[in-house]
Asker: 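Handing you a structure now.
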Amino acid sequence: MRLPVRLFCAGSLSCLLLAGVSGPVTAWAAGSAAIPPVAPAPAPAPATAPVVSSRGVPDSFADLAARLLPAVVNVSTTQTVKSGEADDDEDGEGEDQLPQMPNFPQGSPFEKFFHDFMNRQNSPDAPPRRMQALGSGFIIDPAGYIVTNNHVIRHADKVTVTLQDNTVLTAKQIGHDDRTDLALLKVESKKPLPFVSFGDSDKRRVGDWVLAIGNPFGLSGTVTAGIISSRGRNIDQGPYDDFIQTDAPINKGNSGGPLFDMDGSVIGVNTAIYSPSGGSVGIGFSIPANEARGIIEQLRKTGKVSRGWLGVRIQNVTQDIADGLNLTPARGALVAGVEKDGPAAKAKLQTGDVIQTLNGTAIEGKALPRLSAQLPVGTVAHLGVWRKGKVLDLPVTIGALPETAAEPEKKAEQTPKNAKDVSFAALGFSVGTLDDAARQKYNLPAGQKGVVITAVKEGGLAFDRGLKEGDVVTEIQQAEVSTPTDLKKRIEAAQKAKKKSVLLLVHDADGLRWVPFPLSGDDAQ
């Protein structure tokens, strides 16, 4: 079950979350000569170490907080929207939400008054409204470069930054990155600004003390303390999730603020929380500094982010998949598809390969997109690939991640059910021949090969694994199938060989993926 993760940027007591408003802001071109060259920021003056008791627990964070607070800023955004434009808030909370209709008695004059008011506000002819939102940020350079979250400043007409001494400065957007939810701002100041530096987030362990500073609910300069609760969290917010989890209280308005270690270094950028209610319950997520640093450096140089790309579609190797492949132990990234003319295709990777190492380092499937994205475009990486019992070393030249364009959905036309369907009752689905009628019914391309799934039993194995009518089975046990009879024979052969499970390569609306099916035990009944 997916957790109700919230991306929080709004922060005043009178303003709610700004999100989902149309009209994205054009990033300020970062090639200007006004931008200084990227260089490590000079180290700040050593922080006064927190007083530590004999048990290793700080008696106070006061000295550390006093030095760090001036570098944390309040980020405020404003935007003009027309009626209805703010209704696509991804978190279900509009920044400038209209009041809900009170429960007046039917026919009451008050009911008519509020009904007319709501209709006027939602009318297409209603005047534009000004929307405001608050978030946090932190200065990483005395010249005025500020890091925050992309969702804090996206779609904004104007961004202002308020320093701890209440100085208000107008900010320019240098660049933003949607995939990691990071953004870089620039303010002009007559004097050097206080700043903080990124630390090495990889050195921080579960249980280490951390400080979060930001503007929860618009209460600027708020300091909270906690520990690192976990590392490497994937919360399904993007392909590169690798969050630090902390129990340091984080609320609306903390987004974009820093997470500090006890040395006063930024080890994370506070981005999201898990919250059934909207407030902190002690589960917050921060982008690790070692990931954010590279993104921010690219934004500072060019205003955009370039990522490495392998050109493969992968999935984690589960125990069921490993059993189907006769792979021990169950680890690595299973290749479910190879992009035509992509780097992996040129390196001769194949569907069904298992990528186990990247440049000699063991990997898991969920980590491969993030690690490959960090590789410089044009460099050569070495993949350790398991292929049908053999381990290969395949060099691949890293390409540039292309921009993806959404394809319009096509409506399927209904046609009579294929009379040659073959049912696999134990697995919970039926398949039919992929003929012209099936291609037309399910909008499948002329070059699609395999057998089409014509029915899925609700509550069955196939249903539980996400298979749907219209999906296409192209391979079983890494061997192609072209007819329902082929699929039936190969499943029967696997049963006779006492295989624990079989792997089907399924082509669905999202692409190719390997789906394991058990052949024995209660699951196969």
Side-chain angles (χ1 to χ4, degrees), residues 7 9 24-31 35-41 71 73 75 135-141 143-154 159 171-186 195-202 204 231-235 237-244 254-260 265-272 285-310 366-379 398-404:
L7 301 178
C9 67
V25 177
T26 303
W28 183 69
I35 301 176
V38 174
V73 302
V75 179
S136 303
F138 55 98
I139 305 169
I140 60 168
D141 189 299
Y145 286 94
I146 297 171
V147 175
T148 187
N149 280 146
N150 178 49
H151 77 264
V152 171
I153 53 88
R154 66 180 177 187
V159 180
K172 295 180 180 179
Q173 296 187 42
I174 301 300
H176 65 278
D177 181 49
D178 294 333
R179 288 185 170 93
T180 57
D181 195 23
L182 289 169
L184 184 65
L185 306 176
K186 178 71 165 61
F195 68 100
V196 290
S197 300
F198 283 117
D200 187 350
S201 55
D202 289 344
R204 299 307 165 203
R231 298 294 308 265
R233 285 298 193 204
N234 184 337
I235 59 175
Q237 290 301 303
Y240 310 119
D241 283 10
D242 185 37
F243 290 104
I244 296 172
N254 273 112
S255 275
L259 187 71
F260 292 105
S265 298
V266 178
I267 61 166
V269 182
N270 298 324
T271 297
F285 303 99
S286 298
I287 303 167
N290 286 6
E291 178 182 352
R293 182 188 292 107
I295 301 299
I296 296 303
E297 286 179 356
Q298 289 194 60
L299 292 178
R300 188 169 174 176
K301 286 180 179 179
T302 66
K304 60 182 181 180
V305 177
S306 175
R307 288 186 169 86
W309 180 59
L310 289 177
K366 64 181 181 181
L368 183 61
R370 174 174 52 84
L371 295 175
S372 59
Q374 295 172 359
L375 297 175
V377 176
T379 60
I398 302 300
L401 180 67
E403 295 294 330
T404 57

Asker: Side chains of Tyr145 and Ile296: does their closest heavy-atom pair fall under 4.5 Å?
Answerer: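 When only atoms from C-beta onward are counted, Ile296 and Tyr145 do not touch, as no gap falls below 4.5 Å.
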
Asker: Less than 4.5 Å apart, any side-chain heavy atom of Trp309 and any of Ile398?
Answerer: no

Asker: Any heavy-atom pair between the side chains of Ser306 and Val377 that's under 4.5 Å?
Answerer: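 Yes, their side chains come closer than 4.5 Å.
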
Asker: Between atom CD1 of Ile287 and atom CG of Leu259, what is the distance when rounded to the nearest 0.5 Å?
Answerer: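 Atom-to-atom, Ile287:CD1 and Leu259:CG are 11.5 Å apart.
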
Asker: Determine yes or no for a side-chain-to-main-chain donor-acceptor pair under 3.5 angstrom, with Thr302 supplying the side chain and Leu299 the backbone.
Answerer: no

Asker: Only one of Arg300, Arg154, Arg307, Lys304 forms a salt bridge (Lys or Arg N to Asp or Glu O under 4.0 Å) with Asp177, so which one is it?
Answerer: Arg307

Asker: Side chains of Leu368 and Leu310: does their closest heavy-atom pair fall under 4.5 Å?
Answerer: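 Yes; the side chains approach each other to less than 4.5 Å.
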
Asker: Measuring from Ser197:OG to Asp141:CG, what's the distance to the nearest 0.5 Å?
Answerer: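 Interatomic distance, Ser197 OG to Asp141 CG, rounded to 0.5 Å: 9.0 Å.
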
Asker: Counting N and O atoms only, with roles assigned by atom type, does the side chain of Asp181 sit under 3.5 Å from a partner on the main chain of His151, one being a donor and the other an acceptor?
Answerer: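 Side chain of Asp181 to backbone of His151, a donor-acceptor pair under 3.5 Å: yes, one is there.
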
Asker: Measuring from atom CD1 of Ile153 to atom CD of Gln173, what distance do you get when rounded to the nearest 0.5 angstrom?
Answerer: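 The distance works out to 4.0 Å.
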
Asker: Quick one: CZ on Arg370 to OG1 on Thr180, what's the gap to the nearest 0.5 Å?
Answerer: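 Spacing of CZ (Arg370) from OG1 (Thr180) equals 12.5 Å.
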
Asker: Can you see which heavy atom on Val196 is nearest to which on Ala71, and at what distance?
Answerer: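 Looking at all heavy atoms of both residues, the closest pair is CG1-CB, 3.6 Å.
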
Asker: Taking all non-hydrogen atoms of both residues into account, name the closest pair between Ser372 and Pro369 and its distance.
Answerer: OG-O, 3.1 Å

Asker: Does Arg204 have any salt bridge (charged side-chain N to carboxylate O under 4.0 Å, His left out) partners at least two apart in sequence or in another chain, and if so, which?
Answerer: Asp261, Asp263

Asker: Counting C-beta onward and ignoring hydrogens, is there a side-chain heavy-atom pair between Phe198 and Val266 closer than 4.5 Å?
Answerer: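 Yes; the side chains approach each other to less than 4.5 Å.
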
Asker: Donor-acceptor pair, Arg293 side chain versus Gly199 backbone, under 3.5 Å?
Answerer: yes

Asker: Cation over ring, Arg233 on Phe285, under 6.0 Å and within 45°?
Answerer: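 The answer is no, since Arg233 fails at least one limit relative to Phe285.
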
Asker: Do Phe138 and Ile146 have side-chain heavy atoms sitting under 4.5 Å apart?
Answerer: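 In short, these two side chains do not touch, never coming nearer than 4.5 Å.
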
Asker: Output, in order, the C-alpha distance, side-chain angles, deciding distance and verdict of side chain to side chain donor-acceptor pair (under 3.5 Å) for Asn254 and Asn270.
Answerer: CA-CA 7 Å; Asn254 273 112; Asn270 298 324; over 6 Å; no

Asker: Can you find a pair of side-chain heavy atoms, one from Val305 and one from Arg179, that are under 4.5 Å apart?
Answerer: no

Asker: As an exercise, state the distance from CZ of Arg231 to OG of Ser201, rounded to the nearest 0.5 Å.
Answerer: 5.5 Å

Asker: So do the side chains of Leu184 and Leu182 get within less than 4.5 Å of each other, counting heavy atoms only?
Answerer: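 Heavy-atom side-chain distance check fails, nothing below 4.5 Å.
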
